[in-house]
Amino acid sequence: MSQRSEVGTEVLDRISALLPELEKRAQECEDQRRIPVETIASLDEVGFFKLMQPAQWGGYEVDPVTYYEAVRRIASACGSTGWVSSILGIHNWHLALFPQQAQEEVWGKDPSTRIGSSYAPMGMGEVVDGGYKVNGEWHWSSGCDHADWTFVGGPVFKNGKPVDFVSYLLPRSDYEIRDVWHVSGLKGTGSNTLVIKDAFVPSHRMLSFRAMATGTSPGLEVNTAPVYKMPWGTIHPTVISTPVVGMGYGAYAAHVEAQGKRVRAAYAGEKAKDDPFGKVRIAEAASDIDAAWRQLSGNVQDEYDLILAGNEVPMELRLRARRDQVRASSRSISAIDRLFEAAGARALDSDQPLQRFWRDAHAGRVHAANDAERAYQAFANGEFGIPIGDTMV
């Protein structure tokens, strides 16, 4: 197993020190329907956004488990902040795979420039001279207000036929942000809609998902750190599950603290901490959340260790990682549900963190990367030797 770097440990320590500040801003985050600018500044200051950034741009190129550990801790304080930080932070990993010219355009003047995204194919690009003409409306771009560039996913059309599926990289001047984020969970993520009309994207600002799948991304010529050889089908879905697991840890801590002080009036003043059934729920929830994190991080570590040893990550392990990634989300949400059911009416109050974690975790569940049945089917297909249709592997 690889050792955590010194700089990775330092960033994690600084993030832990930042958590009380994030907890205090959680309600403000919901009220604003976006992450407060002060929070983004704090995450920048502690070095979070440098974790997955290439060394040539001042980044730390840490191992992936360190990155996800950072996200898990952030999400334990504020679900929306954990969600957005996870997504924005991994985009530095993604840009590292693009041609050097694209990286220079984004980071050449300011290495702290952030990139947003919406990868679902809600638009398309058409081959034109020197690049692509891109059109579409991409929903659910989390944290887009804090980014000066964006990735959007979609097919490439040539002569009226789709020939590839890619990510396009566009500057803020090429898209409109439509404020539509009025939701019940993950309220603070600001996951608004990006509208793109006839934007020209030069060839160097396009990256094929096929290139990422086959390890032939042009950015690997310069960015040679092992972390950039990790499979996209593990990196991206884990970005979505890790905040949910972090919310599980946050909900658990909030529940234990509240129950330690709670007196149950309906049961003749019984102290909640003396309720044997409540203790069972706490133990079960703790075990499931820990299991979720151990499997999620363990598979990522196994993949990374193989890469460090100069080996490829086999499909068997990638399928296992995908299986356990969706399972981690499901386990964490079920654990939060059990705690919430036993928390009492006071937990419904809008100033209580447990109800916020409950709403945020269920909101995270509806992301396509957490579509459990598809992931399980892909795993079983692999076991039977049947062709695998899931693109998130």
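We count residues from 1, following the sequence as given.
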Quiz item: Are the side chain of H146 and the backbone of I35 linked by a donor-acceptor contact shorter than 3.5 Å?
Solution: yes

Quiz item: In Å and rounded to the nearest 0.5 Å, what is the CE to OH distance from M52 to Y68?
Solution: 6.5 Å

Quiz item: Would you say W293's side chain and R72's backbone share a donor-acceptor pair under 3.5 angstrom?
Solution: no

Quiz item: Any donor-acceptor pair under 3.5 Å linking the side chain of W83 with the backbone of P243?
Solution: no

Self-check item: Aromatic contact, F151 with H91 (centres under 6.0 Å)
Solution: yes

Quiz prompt | Backbone N/O of T193 and side chain of E137: donor-acceptor pair under 3.5 Å | solution = no

Quiz prompt | Side-chain H-bond candidate by donor/acceptor type, R73 with S16, under 3.5 Å | solution = yes

Self-check item: Short N-O contact, K109 and E104, less than 4.0 angstrom
Solution: no

Practice problem: Enter the distance from I333:CD1 to F340:CZ here, rounded to the nearest 0.5 Å. | Solution: 14.0 Å

Quiz item: If you look at every heavy atom in E341 and R281, which pair is closest and at what distance?
Solution: OE1-NH1, 3.2 Å

Quiz prompt | R114 charged N/C atom sitting above F49 aromatic ring, 6.0 Å / 45° | solution = yes

Self-check item: Any donor-acceptor pair under 3.5 Å from W149 side chain to R172 backbone
Solution: no

Self-check item: Least distance between heavy atoms, Q53 atom then W107 atom
Solution: NE2-CE2, 3.3 Å

Self-check item: Check: Y119 ring centroid to W232 ring centroid under 6.0 Å
Solution: yes

Self-check item: Euclidean distance, Q259 CD relative to L354 CG, rounded to 0.5 Å
Solution: 8.5 Å

Quiz prompt | From CA spacing to verdict: side chain to side chain contact (heavy atoms under 4.5 Å, CB included), L169, T150 | solution = CA-CA 6 Å; L169 174 64; T150 193; over 6 Å; no

Quiz prompt | Check against side chain to side chain donor-acceptor pair (under 3.5 Å), R205 and Q101 | solution = CA-CA 8 Å; R205 285 203 261 114; Q101 185 177 353; over 6 Å; no

Self-check item: OH on Y67 to CG on L51, rounded to 0.5 Å
Solution: 7.5 Å

